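I have placed the structure first, in the form of C-alpha cells, so that the comments after it can refer back to it.
Quantities reported herein were computed from a predicted structural model and do not represent experimental measurements.
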Amino acid sequence: MGDYDHDGHQDLALSTAGEESGAMLLRRGPFTADSSSTTSLVQGYQFSAPRAVTTGDFDGDGRDDLAVTYDGMETAGTHVLSKTSGGWKSIWTTGDHGSALVAGDLNGDQATDLAIGLVQANPDADSTLCEDRLGGAVAMFLGKPGTTLGGIATCATQSSRAVGGTAEAEDNFGASLAVADVDRGGHDELFVGVSQEGAGTQAKAGSWYSLTILQDGTPVGSPRTQNTERVPGTAEAGDRFGGAVASGDYNGDNYLDIAVGAPGENAGSGGVWDFPSREEGEPLPILSVTPGSLGLRGAVEFGGTISR
Ligand SMILES: [Ca+2]
Ligand SMILES: [Ca+2]
Ligand SMILES: [Ca+2]
Ligand SMILES: [Ca+2]
C-alpha cells in the first residue's frame, strides 16, 4: 500500500502471476462503499512475474514509489516505479532479484534503503552483488539524498563478519524480511528469516536474525531459534521458524513488536511467535500462538505468511 498518485489517499498495488506472464496493477484509494473498484495497469511482465513488492519514497521527493522484484525463465530483476502525470516510469533497476523485499531507513541517514531477500543472480549476466550465496544472502541498496538508492550497495549473509551463525547450503537466509525501529533509536532494524537453518541435529528448524545496519552498510546481529533462552518451544526438524517475519505494535504499547512464523511447527499445522519490544526494564514474555491455542482445527501451515 502507498499513496502512489499523491492525492492523499492510500492506494493498493496488486501483483498477478500467471504461467508465462504477470503484472502489477493499481487500485486507487479511497476505499469506500461507493468508490470505483477498477484497476489500472502499472507494469506488465513477459515471461516473468512479480515475486515481492514494497513501498518507499526511494527518490526522496515526498511521494511513495513502488519496488517490485520479479523473475521468470529469461528475465529477472528488481526495479522502482514512480507514478508521474505521464504514467508510471522506472527510476531505478538492478538485475538482482529475490523472494522478499523491504524498504526502510536501515542506516539512519534519513534516506530510504531497499533490501532484497534470498537474492539471486541476474540470469542475463549470471552475476549478482552477493557472490557468496551459499546459505542465502540479503542485498542492501542504501539510499543517498538527491538520488534514487544511490548510496552503498552491500550484502548480508551468515558469513558477514559481525553476523552470527554459519552459512550452509539452502539455509534460506533472507527467505523473509521485515523492518522496524523496535528500540526507537532513529533507524530501522532489519529482521531476516532463515527458514531452513539447522539447530543442532534438527534440520530445517529455522531461525531469524535481528540486524543493525551501520552507516557504511555493515550488518551486525545475532540469531534466535526456539532453543534461545526465553523463547517458548523447542527447535525441531522441519519447524521452519522464520518462514515469515512481520512487525507491528501488537500489544498497543507504542513499541513495534516482531512476529515470526513457523509454518512447519507441530507437524505442519504451524505457529506464530510474538517478540514484544521494550526500551528498558524487565523484558516482556515472548508468546507463541498455535492453531491449537486458538481452538482452530485442521489448520495447515499457520504462520506461513504474515503481515502487520
Ligand atoms: Ca492515492
Ligand atoms: Ca518518491
Ligand atoms: Ca538510509
Ligand atoms: Ca508493542
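In this model, no donor atom of one side chain and acceptor atom of the other lie less than 3.5 Å apart for Y255 and R278. Inspection of the Y4 and T55 side chains reveals an N or O donor paired with an N or O acceptor under 3.5 Å. Donor-acceptor pairing under 3.5 Å is recorded for the side chains of D216 and T218. Looking only at atom types and distance, the side chain of T128 has a donor-acceptor partner in the side chain of D96 under 3.5 Å away.
Looking at Q43 and L66, their side chains never come closer than 4.5 Å, going by heavy atoms from C-beta outward. With contacts defined as side-chain heavy-atom distances shorter than 4.5 Å, the pair R28/D7 qualifies. Side chains of P232 and I286 form a contact here, defined as non-hydrogen atoms less than 4.5 Å apart. Taking 4.5 Å as the limit, some side-chain heavy atom of D249 sits within range of a side-chain heavy atom of N254. Here the side chains of T157 and V163 are not in contact, with every heavy-atom distance at 4.5 Å or above.
At distances below 3.5 Å, not a single donor-acceptor pair connects side-chain atoms of N107 with backbone N or O atoms of G217. Using a distance-only test at 3.5 Å, with no hydrogens or angles considered, a donor-acceptor pair links the side chain of D188 to the main chain of D181. A distance-only check finds a donor-acceptor pair linking the side chain of E189 to the backbone of V182 [under 3.5 Å]. Looking at N227, its side chain does come within 3.5 Å of a backbone N or O of A235 through a donor-acceptor pair. A donor-acceptor distance shorter than 3.5 angstrom exists from the side chain of T69 to the backbone of G98, with no hydrogens or angles considered. A donor-acceptor pair under 3.5 Å is absent between the side-chain atoms of N122 and the main chain of S127, judged by distance alone. Put simply, the side chain of D64 never gets that close to the backbone of G56: no donor and acceptor are under 3.5 Å apart. The closest donor-acceptor contact from the side chain of D239 to the backbone of A262 lies at 3.5 Å or more, if one exists at all.
Residue Q158 comes nearest to D171 through the heavy atom pair NE2-OD2, 3.0 Å, listed as atom of the first residue, atom of the second, then distance. Here the shortest heavy-atom pairing between L149 and T112 reads CD2-O, 3.5 Å. In terms of heavy atoms, I258 sits closest to S247 at CD1-CB, 4.0 Å. Considering every non-hydrogen atom in both G304 and A244, the closest pair reads O-CB, 3.6 Å. The minimum heavy-atom distance between G174 and V138, with the atom names listed, is CA-CG2, 3.8 Å. Nearest heavy-atom pair across G143 and A111 is C-CB, 3.7 Å.
Linking Ile, Leu, Val, Met, Phe, Trp and Tyr residues whenever their side-chain heavy atoms come within less than 4.5 Å places L296 and V289 in a single cluster. The cluster map of Ile, Leu, Val, Met, Phe, Trp and Tyr, joined by side-chain heavy atoms under 4.5 Å apart, puts L106 and V102 in the same cluster. In the hydrophobic clustering of ILVMFWY residues, with side-chain heavy atoms under 4.5 Å counting as a link, L256 and V245 come out together. Cluster membership check: V53 does not share its hydrophobic cluster with V80, using side-chain heavy-atom separations under 4.5 Å among Ile, Leu, Val, Met, Phe, Trp and Tyr. One hydrophobic cluster, built from ILVMFWY side chains closer than 4.5 Å, cannot hold both F58 and L81; they sit in different ones.
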- Item | Full working for side-chain contact (heavy atoms from CB on, under 4.5 Å) between Q46 and T75 | CA-CA 8 Å; Q46 271 238 298; T75 56; over 6 Å; no
- Task: Tell me, with the steps shown, if W92 and D65 meet side-chain contact (heavy atoms from CB on, under 4.5 Å).
- Result: CA-CA 11 Å; W92 182 85; D65 312 306; over 6 Å; no
- Carefully, step by step, assess F141 and T78 under the rule side-chain contact (heavy atoms from CB on, under 4.5 Å). CA-CA 11 Å; F141 297 89; T78 301; over 6 Å; no
- Task: Output, in order, the C-alpha distance, side-chain angles, deciding distance and verdict of side-chain contact (heavy atoms from CB on, under 4.5 Å) for N251 and D274.
- Result: CA-CA 10 Å; N251 61 354; D274 169 44; 5.7 Å; no
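The salt bridge (charged side-chain N to carboxylate O under 4.0 Å, His left out) test with R240 is passed by exactly one of E265, E301, E197, E170: E301. Partner of S36 under the side chain to side chain donor-acceptor pair (under 3.5 Å) criterion, chosen from T32, T38, T39: T38.
Taking CZ of R224 as the reference point, atom CZ of F275 lies at 6.0 Å (rounded to 0.5 Å). Atom OG1 of residue T54 and atom CE of residue M1 lie 12.5 Å apart, to the nearest 0.5 angstrom. Separation of atoms OG (S160) and OH (Y209) is listed at 9.5 Å; rounding is to 0.5 Å. The distance from the CG atom of L129 to the SG atom of C155 is 5.0 Å, given to the nearest 0.5 Å. In this structure, CG on D253 lies 6.5 Å from CG on L284, to the nearest 0.5 angstrom. Between D105 atom CG and I213 atom CD1 the span is 11.0 Å, to the nearest 0.5 Å.
The aromatic rings of Y70 and Y45 sit tilted relative to each other, their planes meeting at an angle between 30° and 60°.
A 6.0 Å sphere centred on CZ of R161 holds no more than 12 heavy atoms belonging to other residues, nucleotides or ligands. Within a 6.0 Å sphere centred on CD of Q215, heavy atoms belonging to other residues, nucleotides or ligands number more than 12. Residue-environment remark: NZ (K204) stays at or below the threshold of 12 foreign heavy atoms within 6.0 Å. Residue-environment remark: CD (E19) stays at or below the threshold of 12 foreign heavy atoms within 6.0 Å.
Checked against the 6.0 Å centroid criterion, the rings of F31 and H9 do not qualify as a close aromatic pair. Close placement of the F241 and W273 rings is indicated, their centers lying within 6.0 Å of each other.
The residues D71 and R51 are annotated as salt-bridged, a charged nitrogen and a carboxylate oxygen being separated by less than 4.0 angstrom.
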